[in-house]
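I have placed the structure first, in the form of structure tokens, so that the comments after it can refer back to it.
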Amino acid sequence: QKVPGASGGALPKRRNAKLFLDLETNGDLNSDDFEYEDEAKLVIFPDHYEISLPNIEELPALVTIACDALLSAKSPYRKQEPDSWEEELQASKHAKTLVQLDNGVRIPPSGWKCSKCDLRENLWLNLTDGSVLCGKWFFDGSGGNGHAVEHYKETGYPLAVKLGTITPDGADVYSFDEEEPVLDPHIAKHLAHFGIDMLQMQVTENGLRDNDIKPRVSEWEVIQEAGVKLKPMYGPGYTGMKNLGNSCYLSAVMQAIFSIPEFQRAYVGNLPRIFDYSPLDPTQDFNTQMAKLGHGLLSGQYSKPPMKSELIEQVMKEEHKPQQNGISPRMFKAFISKGHPEFSSNRQQDAQEFFLHLINLVERNPVGSENPSDVFRFLVEERTQCCQSRKVRYTERVDYIMQLPVAMEAATNKDELIAYELKRREAEAARRPPPELVRAKIPFSACLRAFSEPNNVEDFWSSALQAKSAGVKTSRFASFPEYLVVQIKKFTFGLDWIPKKLDVSIDMPDFLDISHLRARGLQPGEEELPDIAPPIIIPDDPKGSFLVALDIDESSVMQLAEMGFPLEACRKAVYYTGNLGAEVAFNWIIAHMEEPDFAEPLALPAFGEVASSGAAAFGAVGLDNQPPEEMVAIIISMGFQRNLAIQALKATNNNLERALEWIFSHPELEDESEPALDMMNMENHANANILAETGSEGPRIKDGSGRYELFGFISHMGTSTMSGHYVCHLKKEGRWVIYNDLRVCASERPPKDLGYIYFYHRIPS
């Protein structure tokens, strides 16, 4: 029961709990200042008979045990939002007597940077002398070098306010002396000392700092279609999702996923069967949680227009703000992020990385005979050429996303960009607000050309020359997927290795034809590189680790590193998976990230302890010189029989890539083998569906024409994947719809040029 809290003191908050099946509504227990009393009851339906707990005398032992387990279990709500039950901040002991130096310092409304390292994020204003310095890297998930703390140790000035959090209602203040966030009852006076008028300051939306988004304010306005009256949409397929605290990346991806018929059929269409055969603990079952979420989004039960009486009341009160109920994906997020160091946190994440994580879970948890992720899978042909011998090697790998580079050099408004940069620097030097943003305009055709151009291969070892040489790699589509996902590579690393975002406008087409990117295979006149592995170099110290001339695909390494994984872990993942691409290496990372040496540098076993370098890459060699089981499993997952996989690995000294080539060059052995294993009967095998099957039934891909039509895109606002906000636009029933957390409205100006991830579906021939 609710009891109004008395004013003047912080009261302990207690909860009211009943043993009901929580449908995860959007009620916020912390929206008012209430006391909450614990009162647990067992309710028996349909008579709604209530039994107060505990009640050992009247209840059977099993029921009592079940009730105790429910009461002691942590709900997803409690796991996700522990901060919501913390005590209120206390006033700092320094606030009343704080001394402020009359040194003439005035703080501008924007354009801030650390006075010691020029960083522009996680900045703190010291309330004694007006110094603007960066915080620690780990303080709130933002970057920094700890200069604010160093300044306190040197001067003893105790209080600092975080720039970007100042509003007419207050600001985030930290006390270095008390080592905790505090309240400053005199914050308005202390800020006015440095020329800051609190009434003119506004906190940035979704918690992003003012100095982060000032140069990108138009991006926030354009993507969210601010300033335009948008008509709310209701009914099946128009259900919003509550933001659980930086969970918009999840909402945007899931809205796009469940707009695809194959996913609708697999989970919502099979909902009765999935629920009937769900395990004893459905909260830990992927398919159950997917079906539950899909039903919430597509049923229309949680997206109903307000009653006429409610609308009349809102108009009379001049507060016509329709509130769409939507769903809260708290249990889904708790399950899908379980064990993942990033997604299990409340920090913002990369939507592209989450998409791949989701696809990996779909692959590992087949539902029925249909694998909905097949619609995204395609084969990539990689042609590597030795620049000196001109010989080539063709390989294939599986992928789910077409990563399109941003061709900045092809900007059509270079003169405007140069002029803007000069004005921005002048404003920064004069401590004036920055000029209106000028965004680079990049032709889509230029990005497509950049994708198809050859890339240099670092540390390329030429088997033709038996030495390192210059090499180039070109990628083409060996197959075209049913649904093409295009990621614009807006996020990159600066020269200082600090992640940054390219703020660009790309004229993405509604209709896309990439038929010219179809792979052609070995061409007449081309000569293949010899099938020779790099040499093993034995050091003078036989007990030390031997060195191998490693041919690690650095492009895959950097692709994984951009997702936030440690660089050494990325190198190991690519090496241990035989350079089969970033997707396979990503799955290796997920499977091994809990190991204590996950981020340690790559160290190969001593010479003589393994049968070969290829075996060393995948783990310990089995008894009787059997190939490593992980390598055997990967070949089996492609549809080949176990004895053929072992024979191929033995014939190629346990080199996975060469083993696959050996199998294809010996078709007579494949014909003599037993039929390929039925992959859909393999359960809980991490690598079962990572690679396309190449058995007698052909690859598990949905090849077709390369002509597509745009039906959705996910946009990002902010300077980094670790901050900002995601919004999804989908084309439904002939018109564009914007999904912005709980708000689902008809889109008036879909910002197709500012998207981050685009979804295309194939046009039937």
Does [X] pair with [Y] as a salt bridge, N-O distance under 4.0 Å?
{"X": "Arg439", "Y": "Asp753", "result": "no"}
{"X": "Glu748", "Y": "Lys229", "result": "no"}
{"X": "Arg749", "Y": "Glu225", "result": "no"}

Checklist entry - So among Ile514, Val485, Leu512, which one has a side-chain contact (heavy atoms from CB on, under 4.5 Å) with Tyr760? => result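 That would be Leu512.
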Would you please name every residue forming a side-chain contact (heavy atoms from CB on, under 4.5 Å) with [X], sequence neighbours left out?
{"X": "Arg707", "answer": "Asp513, Ser515, Ser705, Ile763"}
{"X": "Ala410", "answer": "Ala407, Pro443, Ala446"}
{"X": "Thr239", "answer": "Leu297, Tyr302, Ser303, Ile327"}
{"X": "Leu271", "answer": "Phe275, Ala291, His295"}

Qualifying residues under side-chain hydrogen bond (donor to acceptor under 3.5 Å, both in side chains), relative to [X], sequence neighbours excluded:
{"X": "Lys731", "result": "none"}
{"X": "Lys338", "result": "Gln284"}
{"X": "Tyr756", "result": "Asp350, Gln487"}
{"X": "Gln264", "result": "none"}

Would you name the heavy atoms of [X] and [Y] that are closest together and state the gap between them?
{"X": "Ser247", "Y": "Leu244", "answer": "OG-N, 2.7 Å"}
{"X": "Leu730", "Y": "Gly712", "answer": "CD2-CA, 3.9 Å"}
{"X": "Ser251", "Y": "Lys242", "answer": "OG-O, 4.4 Å"}
{"X": "Ala746", "Y": "Met233", "answer": "N-CG, 3.4 Å"}
{"X": "Arg377", "Y": "Pro481", "answer": "O-CB, 3.7 Å"}
{"X": "Pro435", "Y": "Ala427", "answer": "CD-CB, 4.2 Å"}

Has the side chain of [X] got a donor or acceptor atom that lies under 3.5 Å from a matching backbone atom of [Y]?
{"X": "Asn270", "Y": "Ile274", "answer": "no"}
{"X": "Trp736", "Y": "Lys732", "answer": "no"}
{"X": "Asp399", "Y": "Met402", "answer": "no"}
{"X": "Asp285", "Y": "Thr288", "answer": "yes"}
{"X": "Glu709", "Y": "Phe511", "answer": "no"}
{"X": "Gln289", "Y": "Phe335", "answer": "no"}
{"X": "Asp507", "Y": "Phe444", "answer": "yes"}
{"X": "Ser337", "Y": "Lys333", "answer": "yes"}
{"X": "Lys490", "Y": "Gly755", "answer": "yes"}
{"X": "Asn360", "Y": "Leu356", "answer": "no"}

Next on the checklist: Can you confirm if the NZ or CZ of Lys752 lies within 45° of the ring axis of Phe713 and under 6.0 Å from the centre of its six-membered ring?
Outcome noted: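 Verdict for Phe713: no cation-pi partner in Lys752.
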Next on the checklist: Tell me whether the rings of Phe354 and Phe343 are parallel (<30°), tilted (30 to 60°) or perpendicular (>60°).
Outcome noted: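 The rings of Phe354 and Phe343 stand perpendicular, inter-plane angle above 60°.
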[X]: which residues meet the ring-ring contact (aromatic ring centres under 6.0 Å, His included) condition with it, sequence neighbours left out?
{"X": "Tyr483", "value": "Phe711"}
{"X": "Phe480", "value": "Phe477"}
{"X": "Tyr739", "value": "none"}

Next on the checklist: Asn740 vs His725, test: side chain to side chain donor-acceptor pair (under 3.5 Å). Steps then yes/no.
Outcome noted: CA-CA 9 Å; Asn740 189 355; His725 185 54; 2.8 Å; yes
Item to check | Nearest-0.5 Å distance that lies between atom CD in Gln224 and atom CD1 in Ile738 | outcome: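 If I round to the nearest 0.5 Å, the distance is 6.5 Å.
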Next on the checklist: Checking Val406 against Ile488 for the side-chain contact (heavy atoms from CB on, under 4.5 Å) test, could you report, in this order, the C-alpha distance in whole Å, the side-chain angles of both residues, the deciding distance, and whether it holds?
Outcome noted: CA-CA 7 Å; Val406 177; Ile488 306 298; 3.6 Å; yes
Checklist entry - Which pairs with one or both residues in residues 252-271 pass ring-ring contact (aromatic ring centres under 6.0 Å, His included), sequence neighbours excluded? => result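 Listed once each, the pairs are Phe263-Phe376.
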Item to check | Donor-acceptor side-chain pairing of Tyr726 and Gln349 below 3.5 angstrom | outcome: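 No pair is found: no donor N or O on one side chain lies under 3.5 Å from an acceptor on the other.
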Next on the checklist: Counting C-beta onward and ignoring hydrogens, is there a side-chain heavy-atom pair between Val737 and Ser747 closer than 4.5 Å?
Outcome noted: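 Val737 vs Ser747: side chains apart.
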